[in-house]
Amino acid sequence: MNAVLCITTLLAAISVSVALGPVYKKRLLSSLTDCMERHRLNIDEVMDIVKNEKLPEDKEKQCFVGCTMNNLGYVKDLILDWNEVKKTNPEKFDTPEEVEKANTVADACAKTVSGKHPSLCELGVRAIKCMHQESQKIKLPIPDFSFD
């Protein structure tokens, strides 16, 4: 019962804009919910990770990030598949220019965050750190998430 309440609360709390495609939105919410349960995070902790641009510092929150990337289908055998990330960029951004910038970020990060990692936790944190830094360099806005 507690898990159902958490899932319902998470889905109610996260309002993802229409900029996100419906298939990606469903996958994202499912991934966030599953990883929240696996890593025993509460709704406030998940919202803090998703809304803020700082890297999670404790192990469970770091693992939550890697878990989410894995559930979204971006990870194969502890290797981030940047082509899979790029396939979903059109569902995350409003304009062709933003999609192209997002692809540029993925290409840049593919050069530094490549190969097999020792854990999903490390992989997730290295990937989001790179994506954040590269996005700032080219002024790519984060996808339009809104939180009620």
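All values derive from a computational prediction rather than experimental measurement.
At distances below 3.5 Å, not a single donor-acceptor pair connects side-chain atoms of Glu134 with backbone N or O atoms of Ala108. Proximity of a side-chain donor or acceptor of Trp82 to a complementary backbone N or O of Val113 within less than 3.5 Å is detected.
Note that the NE2 atom of His39 and the SG atom of Cys35 stand 5.5 Å from one another [nearest 0.5 Å]. Interatomic distance, CG of Leu140 versus CZ of Phe93, reported as 4.5 Å (0.5 Å rounding). Rounding to the nearest 0.5 Å places CD1 of Ile43 at 5.5 Å from CE of Met36. Taking CD of Glu57 as the reference point, atom CD of Gln62 lies at 8.5 Å (rounded to 0.5 Å). Summarising the geometry, atom CZ belonging to Arg38 is positioned 11.5 Å from atom CZ belonging to Phe64; distances are rounded to the nearest 0.5 Å. Separating the NZ atom in Lys25 from the OG atom in Ser30 is a distance of 13.5 Å, to the nearest 0.5 Å.
Paired with Lys129 under the rule side chain to side chain contact (heavy atoms under 4.5 Å, CB included), one option of Arg126, His132, Gln133 passes, and it is Gln133.
Every side-chain contact (heavy atoms from CB on, under 4.5 Å) that Ser119 has, sequence neighbours left out, goes to Cys121, Glu122. Partners of Lys101 by side chain to side chain donor-acceptor pair (under 3.5 Å), not counting sequence neighbours: none found. The salt bridge (Lys or Arg N to Asp or Glu O under 4.0 Å) test applied to Lys59 returns no partner, not counting sequence neighbours. Applying the side chain to side chain donor-acceptor pair (under 3.5 Å) rule to Ser135 yields no partners; only residues at least two apart in sequence or on another chain are considered. Val75 meets the side-chain contact (heavy atoms from CB on, under 4.5 Å) test with Met69, Asn70, Leu80, Leu120, Leu123; sequence neighbours excluded. By the salt bridge (Lys or Arg N to Asp or Glu O under 4.0 Å) test, Lys61 pairs with Asp58, sequence neighbours left out. For Lys116, the salt bridge (Lys or Arg N to Asp or Glu O under 4.0 Å) partners are Asp77, not counting sequence neighbours. Glu84 meets the side chain to side chain donor-acceptor pair (under 3.5 Å) test with Lys87; sequence neighbours excluded. Judged as a side-chain contact (heavy atoms from CB on, under 4.5 Å), and not counting sequence neighbours, the contacts of Thr104 are Glu100, Ile138. With sequence neighbours excluded, no residue forms a salt bridge (Lys or Arg N to Asp or Glu O under 4.0 Å) with Lys26. Annotation: side chain to side chain donor-acceptor pair (under 3.5 Å) contacts of Arg27 (sequence neighbours excluded): none.
Note on residues 62-74: no pairs pass salt bridge (Lys or Arg N to Asp or Glu O under 4.0 Å), not counting sequence neighbours.
Minimum interatomic distance between Asn42 and Asp44 (heavy atoms only, all atoms of both residues): OD1-N, 2.9 Å.
Judged purely by distance below 3.5 Å, without hydrogens or angles, the side chains of Asn89 and Lys86 never pair a donor atom with an acceptor atom. A donor-acceptor pair shorter than 3.5 Å cannot be found between the side chains of Thr68 and Tyr74.
When side chains are defined from C-beta on, Pro56 counts as touching Val65, because their heavy atoms get closer than 4.5 Å.
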